[in-house]
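Okay, so here's the structure we're looking at.
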Amino acid sequence: MRRRLSTLAWYGAALAALTAAPAPDLAEDLLSQMTPEQRVGQLFLVTFGGATPNEDDPIFGLIRDQHIGGVVLRGAEDNFVGPPDTLPAARALTSALQTATYEAAAGSEGAVAYIPLLIGLSQEGNGPPYSEIMSDLSELPSQMAIGATWDPGFARQVGETLGTELASLGFNLLLGPSLDVLVDPTQLALADLGVRTFGGDSYWVSVMGRAFIEGVHLGSQGRLGVVPQHFPGLGGTDRPIREEISTVRKSLVQLQQIELEPFFAVTAAGPGEDPAIADGLLTGHIRYQGFQGNIRDTTRPIGLDPDAFGQLMALDPFAAWRQAGGVTVSYELGAAALRRFYESLGQSFRGHLTARDAFLAGNDLLYLSDFRSDADPDQLTTVRNTLSFFAEKYRDDTLFAQRVDESVLRILRLKLRLYDEAFEPDRVLAADEALNPAGSSDLALQVARAAAGLLDPPAAELQSLIAAPPEIGERIVFITDVRNYRQCTSCEQIEGIGRTALESKVLALYGTRAAGQVGAWNLTSLTMADLA
């Protein structure tokens, strides 16, 4: 009932906004108050190291002096501490970052507009390694498990739980979900998609993607922007996106038939008009051979190719969605895949030029992760040089300045939408309340039960092949893919599913102290490493 009422409230607010008298353009007003440095700063999402930075740390210098527009928190950067302090420390970090942004505006000489940071992360469910926060949040299933239920209601529930919890920690940008269509399951491992996709049918990926995004928006009460990935689709790739740029042999017409359909579905209206509509699109590092029909022509990585990217964004409904405020976000501009691409051209990696190319191709927000020029000693130097380069080019190049202003307006409208058209610290900071996960493992269990299916043997043959359950004298071997993780480099190790987890559960249900069908002496547990 609560979800139904939330949905009605959303549509009611959207209808009121459409029928009300035109409001002043707050984004235009904010833009007019901003210096070139402030404007170009809004274009960047930056990563940094540590979970408890002090006021002398470089990230606060970037906020205070170069006015960056956002950050992305990652476990690989040690931005999170281990349990039991994971959630309180995360909220303290997001609050410290937003407070520093407010104080930088309030304490500056002259009138400087206060514009909150975008604070993003990726949280894909199914535990590590694609969920940055590995513990203390609700256990959520993978996208493939959700897709296997064939029930959009589960996608909406999972999204709502995730949205509620992330918003309570002070996050306002979700990099996900994946809207990739798994075109060829045999390439699943090569492309690193794994269970990070709703499935192999473009229609159902569309349905599940819309339901998931709607849930995130409703759970966060509109305070969490959703940026699905990996536009225009990784489903046909054959290698990990971070490691190497894949070349997909498909034309634009072919892409519209499968890979682009889910992205069409989540851009069918303007951001904020419908909770199932994405706030942005995260571009993947992919090249296309035959994109314009000529099989001999190959694009650059799509997020660096203005012609190919422009053709994509000119399609209906992307053009209208973007005109209404849809934001485009680059993939990680320091990824090993891009470095190898430049190496293949005989060029060194120069961060400021890579960022410029990504921006001029059509990306509004530039995601700087592992972002270090070959000639620079560290990422901080490259980030500062890139920001200075953009500010200088803004002053010298009228067309570049116009492009910057257009992108900044989209970013400002996204931020205004997240905070009900008013940037006030009380709205921006996460409420100081108990951090209790909104859901529990029950939701993951419900999804698992609905997703489970018998693949082989056929149900008709099952009775003859396995006539009865195991007897107490029969031996059973359990093989488990055991993986251990750390929330940070100095954190204690977190065990996923342990080697004997399934054996212990079977003994609890069917052992000599329960149903009496199995005995511990006839059970053996092995890991995949043991098997190898």
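Computed from a predicted structure; not experimentally measured.
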| field | Check: Q517 side chain, Y510 main-chain N or O, donor-acceptor pair, under 3.5 Å | value |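 Not at all, since once roles are kept as given, no pair shorter than 3.5 Å links the two residues.
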| said: Between L73 and E77, is there a side-chain heavy-atom distance shorter than 4.5 Å? | reply: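 Answer no - side chains too far apart.
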| task | Among residues two or more places apart or on two chains, list those pairs meeting disulfide (SG to SG under 2.5 Å) that have a residue in residues 446-509. | result |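 Applying disulfide (SG to SG under 2.5 Å) to every pair that reaches into residues 446-509, excluding sequence neighbours, yields C488-C491.
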| request: Sequence neighbours left out, what pairs pass disulfide (SG to SG under 2.5 Å) with at least one residue falling in residues 503-532? | output: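 Checked against disulfide (SG to SG under 2.5 Å) - neighbours excluded - no pair reaches residues 503-532.
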| Those residues that, when tested against D279, pass salt bridge (charged side-chain N to carboxylate O under 4.0 Å, His left out) (two or more places apart) |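 With neighbours one apart ignored, the set is R417.
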| message | Can you list everything that forms a salt bridge (charged side-chain N to carboxylate O under 4.0 Å, His left out) with R287? Sequence neighbours excluded, please. | response |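 Checked R287 against salt bridge (charged side-chain N to carboxylate O under 4.0 Å, His left out); zero matches.
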Output side-chain donor-acceptor pairs under 3.5 Å for residues 497-508, partner residues at least two apart or in another chain, one line each.
unit_1 : atom_1 : unit_2 : atom_2 : d
R499   : NH1    : S525   : O      : 3.1
E503   : OE1    : S525   : OG     : 2.4
S504   : OG     : T500   : O      : 2.9

| request: Applying side-chain contact (heavy atoms from CB on, under 4.5 Å), name anything that partners L304, two or more places apart in sequence or on another chain. | output: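 If we apply the side-chain contact (heavy atoms from CB on, under 4.5 Å) test to L304, skipping adjacent residues, the hits are R300, P301, L338, Y342, D357, A358.
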Residues which pass side-chain hydrogen bond (donor to acceptor under 3.5 Å, both in side chains) with [X], listed by chain and number, not counting sequence neighbours:
X	value
R483	D481
Q487	none
H230	D180

| message | Tell me every residue that passes ring pair (Phe, Tyr, Trp, His ring centres under 6.0 Å) with F263, counting only those two or more places apart in sequence or in another chain. | response |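 F263 satisfies ring pair (Phe, Tyr, Trp, His ring centres under 6.0 Å) with F231 once adjacent residues are dropped.
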| said: Applying salt bridge (Lys or Arg N to Asp or Glu O under 4.0 Å) as the test, list every pair that has at least one member in residues 333-342; sequence neighbours left out. | reply: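 Those involving residues 333-342 are E243-R340, R339-D374.
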Which pairs of donor and acceptor atoms, one on a side chain in residues 145-155, lie under 3.5 Å apart (sequence neighbours left out)?
unit_1 : atom_1 : unit_2 : atom_2 : d
T149   : OG1    : I146   : O      : 2.6
T149   : OG1    : D151   : N      : 3.2
D151   : OD1    : G153   : N      : 2.8

